[in-house]
Number of protein chains: 2
Amino acid sequence: MKTLVVVSHPNIEKSDTQQFLKASAASLSQVVWHHLDANLPFDVAAEQQMIQKADRIIFQFPLYWYMAPASLHQWLTEVWVKQFVYNAHGGLLTGKSLGIVVSFSQPESAYQLGGRVGFSVSQFLAPYAALAEKTGLELLAPLTIARFANQNDTEHQQLLIRYQQYLTLTHPDNAEEQAQWFIDRLQADPDTKIMADELAAQTDEIGRLRLTLHELKAGESE
Amino acid sequence: MKTLVVVSHPNIEKSDTQQFLKASAASLSQVVWHHLDANLPFDVAAEQQMIQKADRIIFQFPLYWYMAPASLHQWLTEVWVKQFVYNAHGGLLTGKSLGIVVSFSQPESAYQLGGRVGFSVSQFLAPYAALAEKTGLELLAPLTIARFANQNDTEHQQLLIRYQQYLTLTHPDNAEEQAQWFIDRLQADPDTKIMADELAAQTDEIGRLRLTLHELKAGESE
C-alpha cells in the first residue's frame, strides 16, 4: 500500500510533533512525506499525480482555531477540483482511503461536551467526512495527538507505533492486523525472532479460543 | 453599532454573490468592508485595530469543501493571537458579536442528515462556535445563502434586507427590531412616510394585542 502524507504546517521546523512524525515515517519505504507549505505555489498537475499514485492519503496538521492551517485549504481549493476528485456520476477516488492525523495542545478530555473546548475533535472534522463521502474515499478514524510536548518516552514510543500502523495497515484499528505488524517486525530481527514465533503462536491460539467460544455460544442459542 | 465585514474569497470579482453583498452594504455608513485576499500579507497591527474598533465582526465566505477559503484561516492564525483575543483569564473580545455569512451552491436541503451533503451548515461551522466561546464573542445564527445564482429578483431583494439587518441590528432575528428597521427606512423617505406611520401604528397594536393575550393566559393559569 502506497501512502501519501500531506502535511499542513506553516512553521514545521519548530514543531516537535511534526519532526517526530517525520522521523517515525522515515523508515517506511511505501510512504511519501509531502509538506504543503514547502510546495507553494502548487503545481496542480504534479499534486494530482501524487494523489493518483497513492492508495491512502493522510491529512496531517495541528488544530489552529479548531481547523487546519491555511495551506491545506488552499491545496484543497486548487488541487481537489471537479472532474479530478468527483464528477456528475460520483466520487473518483473510490478504492483509496483517507486518514487524518491531528495534533493539539489541550488534553483530549477538553474536546467533549462540558469540556474546555465543548466540542469533540470529530465534530470539528465533519467537513472531511463530507469530503470523503463526496470523493469516494474510505474515511479512517482520526489519529489524535494531544499535548505531544507533555508526553513521556513510553507515550512517544506508543505514538510511533500507532502512527506507523496508521500509515501502513489496511485497517489500523484492527487488533489482528496490529498483532501481525508486531510479528513481522520482530521476525525481521534475528535477536527477537524467537519472541516473534512465540507471539505468532499465541496469536493463533487466541484465534482458536475465540472460534471455540463462538461455537459454544452458537450452540447455546440453538 | 460599528460592523467589520471580513470577506474571504480568492476570486471576488467573479463572485456575483459577493458583488451583490458588497453593493448591499455600500449605503451603510457604520459598516467597513474588508476583503482579506486583497490585504495580503497582513499588517497584523492594522488588522487588530480594525477588530478592536468593531462592535460586530462578520466572517463572510463561500463554502469550499465545506470550509472557509485559505485567507480566513491565514488571517485567524496571524491576527487572532493569544493576548489579543484571549488570555489566561478568558476571552478579550467580550461585548462584541460574531456573525457568519456563508454561501454555497447546493440547496439548503442538501445540508442535513440524509441530504446530499449529509451534514448541516451548523455542523461545519462548529469551529467558529468554539472560537466565539474562547474569545468571549456572542455568536449570531449564521446567515446562509444557498444557490444565489438561481434566486429570482424577489429572493435577491429579501436577501438584501436580511443582509442589511444582519449587519446593523443588535438582534437580527428579533421581529420587533426588524419591524422598526422597516419603519425607520420608510419614514426617512417622504414618499413612503404615510405607509411608515401606518406600519408603526400596526406594530404598536400588535404589541398591545400580545400583551392582552399574555395577561389573559396568565389569568387562566392562576
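Values below: all heavy atoms of this structure, side chains included; hydrogens, waters and symmetry mates excluded.
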For chain A, which residues of residues 120-143 of chain B have heavy atoms nearer than 4.5 angstrom: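 Within residues 120-143 of chain B, the residues under 4.5 Å from chain A are Gln123(B), Phe124(B), Ala126(B), Pro127(B), Tyr128(B), Ala129(B), Ala130(B), Leu131(B), Lys134(B), Thr135(B).
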
For residues 79-108 of chain B, give me every residue with a non-hydrogen atom less than 4.5 Å from any non-hydrogen atom of chain A. Trp80(B), Val85(B), Tyr86(B), Gln106(B)

Check the pair Met67(A), Met67(B) against side-chain contact (heavy atoms from CB on, under 4.5 Å), reporting the backbone distance first and the verdict last. CA-CA 9 Å; Met67(A) 299 178 280; Met67(B) 300 178 280; over 6 Å; no

With sequence neighbours excluded, residues passing side-chain hydrogen bond (donor to acceptor under 3.5 Å, both in side chains) with Gln151(A): none

Listed by chain and number, what are the side-chain contact (heavy atoms from CB on, under 4.5 Å) partners of Thr170(B), not counting sequence neighbours?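 Per chain and number, Thr170(B) pairs via side-chain contact (heavy atoms from CB on, under 4.5 Å) with Glu177(B).
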
Most contacts with chain B, counted as non-hydrogen pairs under 4.5 angstrom, among Trp75(A), Phe119(A), Trp65(A):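 Heavy-atom pairs under 4.5 Å are most numerous for Trp65(A).
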
Atom OH in Tyr64(A), atom CD in Glu78(B): separation rounded to 0.5 Å? 10.5 Å

Any idea which heavy atoms bring Pro69(A) and His73(B) closest together, and the distance? C-CB, 4.4 Å

Would you say CG of Asn152(A) has more than 12 non-hydrogen atoms from neighbouring residues, nucleotides or ligands within 6.0 angstrom?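 Yes, the 6.0 Å shell around CG holds more than 12 heavy atoms from other groups.
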
CG of Leu211(B): more than 12 outside heavy atoms within 6.0 angstrom?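 More than 12 within 6.0 Å, yes.
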
